[in-house]
Amino acid sequence: MALGVDEATRIVRFCLAGDGWGTASTEDDTRVLKLVVNGDTQAQVFRFEAASFELALKLAVDAGVLRAASVEKQIAFLGRVASPEAGERSDAEASLPAGGPVQFPELTAMVSALVHETQRERGISSLYAASGGRRFGEQLVSQWRATERRRRALAIFQEGCTDRLPSAVAGQLGRAQDLLSKIVASRGRIEKLQVPPTELIDSYSHLNRELLRIIDGLLVTVIDPVQRPTALAWMALLYAKEKTGVERAQLVSAFERDRYFEGQYHSVVGIIAARESYLHLFAAAAPPPAGDLMHENLESPTVSTVQKMEQIALRHRRGGFGVDPTDWFSAITDQMDLYGDVESAVRTSLTPA
């Protein structure tokens with residue numbers, strides 16, 4: 001079945017996420033994609049026209065605006081789920097009031113993208129601190145820039161639609177920005193090795209909990225009740241990914257020191273248990289296509305590698321792991337990216353009520 005306006009719009013928003021925004025439309029017999037991509041200094045506007053949305057997406061890929069792998073994965077996912085007829089918008093989307101719940105997909109994409117970067121910054125900072133600055137110094141500075149791009153995009157969005165957001169969500173956004181400002185202010189101390197890994201892990205984790213609460217609060221007000229199980233599965237996966245990020249940061253510091261900090265072992269055990277609980281909830285609530293995609297991802301060799309390292313960490317309570325922290329960081333980051341693929345696909349399948 002040919003892609004319609006709804007499907008093409010979801011694909012470009014999925015591919016751009018917090019890096020920009022896009023829409024699909026039909027002008028006479030021409031299919032049009034309008035994309036706005038955030039740059040370091042200013043946004044760039046692109047327009048692609050073709051006889052079909054598939055061809056228009058290909059033009060965007062050829063121009064380097066969209067990634068081929070992201071487009072292909074999203075088309076494959078949408079092909080597994082029921083969607084409105086090609087070229088038509090669903091009744092729920094057609095009735096959206098301007099400036100109202102239509103902000104849901106853009107805001108959740110930006111928050112999700114920011115959380116991804118703060119999760120990565122937490123892990124890199126943890127290894128940098130645990131190694132006494134010997135590892136990941138360049139990656140740390142590069143990651144600060146990546147996080148700042150996401151932070152700036154969210155701040156600009158917030159300024160433009162504060163009066164159209166639910167008051168509770170606006171308050172949560174403000175609190176999250178305050179927490180992020182404190183972390184930004186602490187980067188100098190982190191670089192000078194004045195913040196121990198356990199303390200910085202707690203700071204980033206507190207921030208990410210607040211960011212995820214924004215999505216929690218927004219879901220209640222804008223999602224069609226019929227889609228609540230899918231929304232529940234999506235939130236469960238977001239929290240599972242966050243727990244995995246905390247585990248990444250905890251164990252990368254433990255593997256670097258070849259021993260745990262005091263109380264760290266019990267924290268790791270609890271984190272792994274919480275992640276598994278969230279994944280179980282996802283499996284129970286997710287629609288079949290999302291469950292199938294997750295099952296495929298969990299069969300990846302990457303997941304097996306992560307599990308082997310986890311078992312070493314759990315068996316050697318007193319240390320002596322013999323695990324290269326950079327190998328751990330790389331493997332579990334790949335696993336988190338697999339979670340992210342499923343999370344993004346499920347998010348873009350949700351339709352505001």
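All heavy atoms count here, side chains included; hydrogens, waters and symmetry mates do not.
- Environment of CZ in Arg134: crowded, with over 12 heavy atoms of neighbouring residues, nucleotides or ligands closer than 6.0 Å.
- Remark: side-chain polar atoms of Ser112 are not paired, donor with acceptor, to backbone N or O of Ala109 under 3.5 angstrom.
- Of the possible polar contacts, none joining the Ser142 side chain to the Gln139 backbone as a donor-acceptor pair under 3.5 Å is found.
- Note that OG of Ser125 and CD1 of Ile190 are 4.5 Å apart. Values are rounded to the nearest 0.5 Å.
- Under the 4.5 Å side-chain criterion, counting only non-hydrogen atoms from C-beta, Lys182 is not in contact with Ser203.
- Tested against Arg275 for a side chain to side chain donor-acceptor pair (under 3.5 Å), the candidates His280, Glu247, Glu242 yield a single pass: Glu247.
- Criterion: ILVMFWY side-chain heavy atoms under 4.5 Å apart, direct or through other members. Under it, Val246 and Phe261 are not part of a common hydrophobic cluster.
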Practice prompt. Step by step, work out the side-chain contact (heavy atoms from CB on, under 4.5 Å) result for Leu238 and Trp234.
Written response: CA-CA 6 Å; Leu238 280 173; Trp234 175 45; 3.8 Å; yes

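- Atom OG1 of Thr230 is separated from atom CE of Met235 by 14.0 Å, given to the nearest 0.5 angstrom.
- Summarising the geometry of Met294 relative to Tyr339, their closest heavy-atom pair is CE-CD2, 3.9 Å, with the distance given to 0.1 Å.
- The only member of Gln335, Glu343, Gln119 that meets side chain to side chain donor-acceptor pair (under 3.5 Å) when paired with Lys241 is Gln119.
- Of all the heavy atoms in Arg31 and Ala51, the pair that sits closest is CG-O, 3.7 Å.
- When all heavy atoms are compared, the tightest approach of Leu193 to Gly132 is CD1-O, 3.2 Å.
- A heavy-atom distance below 4.5 Å is not found between the side chains of Lys243 and Glu276.
- Using bins of under 30°, 30° to 60° and over 60° for the plane-to-plane angle, the ring pair Tyr278/Tyr239 lands in the parallel bin.
- The shortest side-chain heavy-atom distance between Arg347 and Thr108 falls under the 4.5 Å cut-off.
- There is no path of hydrophobic side-chain contacts, each under 4.5 Å, that joins Leu350 to Leu232.
- Remark: the backbone N or O of Gly4 is paired with a side-chain donor or acceptor of Glu7 at under 3.5 angstrom.
- Taking the six-membered ring wherever Trp is involved, the centroid distance between the rings of Tyr260 and Phe321 falls below 6.0 Å.
- When only modelled atom types and interatomic distance are considered, Gln250 and Gln264 share a side-chain donor-acceptor pair under 3.5 Å.
- At least one side-chain heavy atom of Phe48 sits under 4.5 Å from a side-chain heavy atom of Val65.
- Between the CD1 atom in Ile183 and the CG atom in Asp178 there is a gap of 12.0 Å [rounded to 0.5 Å].
- In this structure, Leu251 CG and Ile332 CD1 are separated by 7.0 Å, a value rounded to the nearest 0.5 Å.
- The cationic group of Arg248 lies under 6.0 Å from the six-membered ring centre of Phe329 and within 45° of the ring axis, placing it in a cation-pi geometry.
- At least one donor-acceptor pair closer than 3.5 Å links the side chain of Asn297 to the backbone N or O of Leu338.
- There is no path of hydrophobic side-chain contacts, each under 4.5 Å, that joins Ile214 to Ile156.
- Annotation: the span from Leu154 atom CG to Leu173 atom CG amounts to 5.5 Å, rounded to 0.5 Å.
- Using a 4.5 Å cut-off on side-chain heavy atoms (C-beta onward), Leu279 and Leu237 make contact.
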Practice prompt. Kindly determine whether Leu127 and Leu140 satisfy side-chain contact (heavy atoms from CB on, under 4.5 Å), including the steps that lead there.
Written response: CA-CA 10 Å; Leu127 179 53; Leu140 184 61; over 6 Å; no

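- Between the Thr305 side chain and the Pro301 main chain, a donor and an acceptor come within less than 3.5 Å of each other.
- Proximity of Pro197 to Arg257: side-chain heavy atoms (C-beta onward) are nowhere separated by under 4.5 Å.
- Side-chain contact annotation: His295 with Glu299, donor-acceptor N/O pair under 3.5 Å present.
- With respect to the salt-bridge test (charged N to carboxylate O, under 4.0 angstrom), the residues Arg120 and Glu117 do not qualify.
- With hydrophobic clusters built from ILVMFWY side chains whose heavy atoms lie under 4.5 angstrom apart, Met336 does not share a cluster with Leu298.
- With Tyr204 as the partner, the side chain to side chain donor-acceptor pair (under 3.5 Å) test is satisfied by one option alone out of Glu121, Arg209, Arg122: Glu121.
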Discussion item. Between Gln177 and Gln158, does the side-chain contact (heavy atoms from CB on, under 4.5 Å) criterion hold? Intermediate values first, please.
Written reply: CA-CA 10 Å; Gln177 291 285 12; Gln158 184 180 359; 3.6 Å; yes

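- Interatomic distance, CG of Leu57 versus OG of Ser52, reported as 8.5 Å (0.5 Å rounding).
- When all heavy atoms are compared, the tightest approach of Ala24 to Thr9 is N-OG1, 3.2 Å.
- Residues Thr326 and Phe136 form a side-chain contact, since some pair of their non-hydrogen atoms from C-beta on lies under 4.5 Å apart.
- Here the options are Gln143, Arg149, Arg151, the test is side chain to side chain donor-acceptor pair (under 3.5 Å), and the partner is Thr147; only Gln143 passes.
- Val342 and Leu281 fall into different hydrophobic clusters, where Ile, Leu, Val, Met, Phe, Trp and Tyr are joined by side-chain heavy atoms under 4.5 Å apart, directly or via other members.
- With hydrogens and angles disregarded, a donor-acceptor distance shorter than 3.5 Å links the side chain of Thr118 to the backbone of Val115.
- Side-chain contact check for Val5 versus Ser25: every heavy-atom pair is 4.5 Å or farther apart.
- Listed here is the closest heavy atom pair of Ala60 and Leu35: CB-CD1, 4.3 Å.
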Worksheet item: Checking salt bridge (charged side-chain N to carboxylate O under 4.0 Å, His left out) for the pair Glu49/Arg47: CA distance, chi angles, key distance, verdict?
Response: CA-CA 7 Å; Glu49 301 179 6; Arg47 179 186 174 97; 2.6 Å; yes

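- Nearest approach of Ser126 to Ser253, heavy atoms of both residues: OG-CB, 3.4 Å.
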